[in-house]
*Asks:* 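Handing you this structure, nothing more for now.
Quick caveat, the model's predicted, so the values are computed rather than measured. The analysis underlying the following values was restricted to heavy atoms, covering all of them including side chains, and did not include hydrogens, waters or symmetry mates.
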Amino acid sequence: MSRAIQPADLGFFSALMSAGSMGAAGRELGITTAAVSKRLAQMEARLGISLLNRTTRRMSLTVEGELYLEHARRILGDLDDLEEMLGLSRSTPSGALRVNATLGFGRSHVAPVISRFAKKHPQVDVKLQLSADPPPLTDDAFDVCIRFGPPPDARVIARQLAPNRRLLVAAPAYLARAGEPRTPADLAQHNIIRIRQGDEAYGVLRLARGRAEQEESVKVRGNLATNDGGVAVNWALDGHGILLRAEWDIARYLRSGRLVQVLAPYRTPNADIYAVYPQRHQTTARVRAFVDLLAAALAKEGEAG
């Protein structure tokens, strides 16, 4: 009788959950949706447990499925790491690299670097997922996450890739119409374009000035809100209000004059760019090569800006 847990099942189940659906997993694995469903059923029959709760519209992990997925991904990662430590990979980056980044920054800055990385290291299979909010640090679904601000967790490696300020900006047409704020309190009288990403307070801006770094919180309002930074920037360009946005996303509009900075003497919490990955990946060739390439690309971009 075959063992309940078979090595090939680990990769299959990890791919299934990364794909998000049986249809998507079938396309990625080159098999039919029916074949994916059959193989999952065979796995569950051998284990004697259910790994997924399935409905016609979605699937979700059972408690046992979460445990299986967590260990499957850890084992697969350990196997890749062992090959590198034994020299079986000849120090050439190879294997799977799962990258997560935010929507706007991922499209504009991470995706082009992945294109160059794939040409340089064709033996690495890269999967990029863009999301409005970063995944939890305890989620083992990704090898590298590109985040804004240092994560408050010592269990992961956080390498700073580039400095990044958050700036308050608006279109000249909006300021001509509504006036320019002189103090943080003035923001309460303005239309603020709001972005909800991660756990940041929604509708509250925090600003500081001077060496004392005393922070002032201002409750703001506005008639436009989104979870997509690119949409918010376009609204600001159209003159709808004041926007707090990372300098990397708006630098070209500041240079062209389409947006201007307001309340320049005041500082908001920084949004330095970090590559975050589990400690066990710090010596992995594919992770190290990708993070090095991204750091170099951002440094070059920063110098050009």
*Asks:* Taking all non-hydrogen atoms of both residues into account, name the closest pair between A275 and V144 and its distance.
*Replies:*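 Heavy atoms only, the tightest pair is CB-CG1, 4.2 Å.
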
*Asks:* Not counting sequence neighbours, which residues clear side chain to side chain donor-acceptor pair (under 3.5 Å) with Q261? List them please.
*Replies:*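 Q261: no side chain to side chain donor-acceptor pair (under 3.5 Å) contacts found.
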
*Asks:* Would you name the heavy atoms of H190 and G179 that are closest together and state the gap between them?
*Replies:*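 Nearest pair, atom of H190 first, then G179: CE1-O, 2.8 Å.
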
*Asks:* Looking at CD of E70 and CD1 of I75, how far apart are the two atoms once the value is rounded to the nearest 0.5 Å?
*Replies:*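 Taking CD in E70 and CD1 in I75, the distance rounds to 10.5 Å.
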
*Asks:* With Y253, which residues qualify under ring-ring contact (aromatic ring centres under 6.0 Å, His included), at least two apart?
*Replies:*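 Y253 satisfies ring-ring contact (aromatic ring centres under 6.0 Å, His included) with no other residue.
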
*Asks:* Look up atom CG in N100 and atom NZ in K127, then write down how far apart they are to the nearest 0.5 Å.
*Replies:*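 The distance works out to 11.0 Å.
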
*Asks:* Would you mind reporting whether I195 and R245 have side-chain heavy atoms less than 4.5 Å apart?
*Replies:*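 Contact flag for R245/I195 side chains = yes.
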
*Asks:* Quick one: pull up SG in C145 and CD in Q129 and give me the separation to the nearest 0.5 Å.
*Replies:*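 Answer for the SG-CD pair, C145 versus Q129, is 9.5 Å.
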
*Asks:* Does a side-chain heavy-atom distance below 4.5 Å link L161 with V291?
*Replies:*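 Of all side-chain heavy-atom pairs linking V291 with L161, at least one is under 4.5 Å.
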
*Asks:* Decide yes or no on side-chain contact (heavy atoms from CB on, under 4.5 Å) for R194 and L224, but give the supporting numbers first.
*Replies:* CA-CA 7 Å; R194 295 166 295 161; L224 292 175; over 6 Å; no

*Asks:* Of all heavy-atom pairs between D143 and Y277, which one has the smallest distance, and what is that distance?
*Replies:*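 The pair with the smallest heavy-atom distance is O-CB, 3.0 Å.
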
*Asks:* Report the residues that fulfil side chain to side chain contact (heavy atoms under 4.5 Å, CB included) with L130, sequence neighbours left out, ordered by chain and then residue number.
*Replies:*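 Side chain to side chain contact (heavy atoms under 4.5 Å, CB included) check on L130 returns A101, L103, R107, L128.
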
*Asks:* For S18 and R73, does a side-chain donor sit closer than 3.5 Å to a side-chain acceptor?
*Replies:*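 Yes.
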
*Asks:* I'd like to know if the side chain of D249 pairs up with that of S108 as donor and acceptor (distance under 3.5 Å, no hydrogens or angles considered).
*Replies:*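 Absent: no donor and acceptor within the cut-off.
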
*Asks:* Take L40 and M22 through the test side-chain contact (heavy atoms from CB on, under 4.5 Å) and record every step on the way to the result.
*Replies:* CA-CA 10 Å; L40 176 62; M22 292 193 185; 3.5 Å; yes

*Asks:* Show every salt bridge (Lys or Arg N to Asp or Glu O under 4.0 Å) that has at least one partner inside residues 14-25, sequence neighbours left out.
*Replies:*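 Salt bridge (Lys or Arg N to Asp or Glu O under 4.0 Å) check on residues 14-25 returns no pairs.
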
*Asks:* Looking only at heavy atoms, what is the nearest atom pair of G106 and P112, with distance?
*Replies:*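 So the minimum-distance heavy-atom pair works out to O-CD, 4.5 Å.
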
*Asks:* Can you list the residues that meet the side chain to side chain donor-acceptor pair (under 3.5 Å) rule with N191, with sequence neighbours excluded?
*Replies:*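 Scan of N191 (side chain to side chain donor-acceptor pair (under 3.5 Å), adjacent residues dropped) gives N223.
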
*Asks:* Is there a donor-acceptor pair under 3.5 Å between the side chain of T226 and the backbone N or O of D228?
*Replies:*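 Yes, because the side chain of T226 sits within donor-acceptor range (under 3.5 Å) of the backbone of D228.
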
*Asks:* Who are the ring-ring contact (aromatic ring centres under 6.0 Å, His included) partners of H121, not counting sequence neighbours?
*Replies:*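 Here the qualifying residues are F117.
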
*Asks:* Tell me, please, which residues at least two apart from R258 pass side chain to side chain donor-acceptor pair (under 3.5 Å).
*Replies:*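 Per chain and number, R258 pairs via side chain to side chain donor-acceptor pair (under 3.5 Å) with no residue.
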
*Asks:* In Å and rounded to the nearest 0.5 Å, what is the CZ to NE2 distance from R74 to H71?
*Replies:*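 The CZ atom of R74 sits 5.5 Å away from the NE2 atom of H71.
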
*Asks:* Tell me which one of F105, W248, Y274 satisfies ring pair (Phe, Tyr, Trp, His ring centres under 6.0 Å) with F148.
*Replies:*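 Looking at F105, W248, Y274, the match for F148 under the ring pair (Phe, Tyr, Trp, His ring centres under 6.0 Å) is F105.
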
*Asks:* With R159, which residues qualify under salt bridge (Lys or Arg N to Asp or Glu O under 4.0 Å), at least two apart?
*Replies:*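 Counting only residues at least two positions away or on another chain, R159 forms a salt bridge (Lys or Arg N to Asp or Glu O under 4.0 Å) with D292.
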
*Asks:* Are L61 and L51 close enough, and set up right, to give a side-chain contact (heavy atoms from CB on, under 4.5 Å), and what steps lead you there?
*Replies:* CA-CA 6 Å; L61 288 165; L51 298 173; 5.7 Å; no

*Asks:* Indicate yes or no: at least one non-hydrogen side-chain atom of I250 is less than 4.5 angstrom from one of V233.
*Replies:*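 Yes; the side chains approach each other to less than 4.5 Å.
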
*Asks:* With sequence neighbours left out, which residue pairs that include part of residues 172-184 fulfil the salt bridge (Lys or Arg N to Asp or Glu O under 4.0 Å) condition?
*Replies:*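 Found none.
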
*Asks:* For the atom pair NZ (K38) and CD1 (I31), what is the distance rounded to the nearest 0.5 Å?
*Replies:*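 Interatomic distance, K38 NZ to I31 CD1, rounded to 0.5 Å: 11.0 Å.
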
*Asks:* Write down the atom of S14, the atom of L69, and the distance for their closest heavy-atom approach.
*Replies:*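 Answer, listing the atom of S14 first, then L69: CA-CD1, 3.9 Å.
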
*Asks:* Closer than 4.0 angstrom, basic N to acidic O: yes or no for D272 and R165?
*Replies:*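 The answer is no: the pair does not qualify as a salt bridge.
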
*Asks:* Mind checking side chain to side chain donor-acceptor pair (under 3.5 Å) for R116 and listing every partner two or more places apart, or none if nothing turns up?
*Replies:*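 Per chain and number, R116 pairs via side chain to side chain donor-acceptor pair (under 3.5 Å) with no residue.
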
*Asks:* Is there a side-chain contact between L52 and T62 in this structure, where contact means two heavy atoms from C-beta onward sitting under 4.5 Å apart?
*Replies:*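 Side chain of L52 against side chain of T62, heavy atoms only: no contact under 4.5 Å found.
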
*Asks:* Check G241 against A170 and note the closest heavy-atom contact, atom names and distance.
*Replies:*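 In this case the closest contact between G241 and A170 is O-CB, 3.8 Å.
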
*Asks:* Using the side-chain contact (heavy atoms from CB on, under 4.5 Å) rule, take H109 and L298 through it: C-alpha gap first, then chi angles, then the decisive distance, then the call.
*Replies:* CA-CA 8 Å; H109 302 283; L298 294 181; 4.3 Å; yes

*Asks:* Heavy atoms, side chains only, cut-off 4.5 Å: are L167 and L254 in contact?
*Replies:*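 In contact.
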
*Asks:* With heavy-atom distances below 4.5 Å as the criterion, would you say the side chains of I146 and V276 are in contact?
*Replies:*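 Contact flag for I146/V276 side chains = no.
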
*Asks:* Within the side chain of R286, is there an N or O that forms a donor-acceptor pair under 3.5 Å with the backbone of A96?
*Replies:*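 Yes; judged by distance alone, with no hydrogens or angles, the pair exists.
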
*Asks:* Is there a donor-acceptor pair under 3.5 Å between the side chain of D238 and the backbone N or O of H240?
*Replies:*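 Such a contact is absent between D238 side chain and H240 backbone.
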
*Asks:* Which other residues end up in the same hydrophobic cluster as L175, if Ile, Leu, Val, Met, Phe, Trp and Tyr are linked when side-chain heavy atoms come under 4.5 Å apart?
*Replies:*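 Besides L175, the hydrophobic cluster comprises L168, Y174, L187, I192, L205, L207, V218, V220, I242, L244, V260, V262, L263, Y266, listed by chain and residue number.
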
*Asks:* Less than 4.5 Å apart, side chain to side chain, heavy atoms only: is that true for L47 and E44?
*Replies:*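 No, every pair of side-chain atoms sits at 4.5 Å or beyond.
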
*Asks:* Using the ring-ring contact (aromatic ring centres under 6.0 Å, His included) rule, collect all pairs that involve residues 3-42, keeping only residues at least two apart or in two chains.
*Replies:*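 Applying ring-ring contact (aromatic ring centres under 6.0 Å, His included) to every pair that reaches into residues 3-42, excluding sequence neighbours, yields F13-Y68.
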
*Asks:* What I'd like to find out is whether the side chain of R46 reaches to under 4.5 Å of the side chain of D9, using heavy atoms alone.
*Replies:*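 In short, these two side chains touch, coming nearer than 4.5 Å.
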
*Asks:* How long is the straight-line distance from CG of L67 back to CD of E64, given to the nearest 0.5 Å?
*Replies:*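 Those atoms lie 8.0 Å apart.
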
*Asks:* Between the side chain of N164 and the main-chain N/O of A271, is any donor-acceptor distance below 3.5 Å?
*Replies:*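 Answer holds: yes.
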
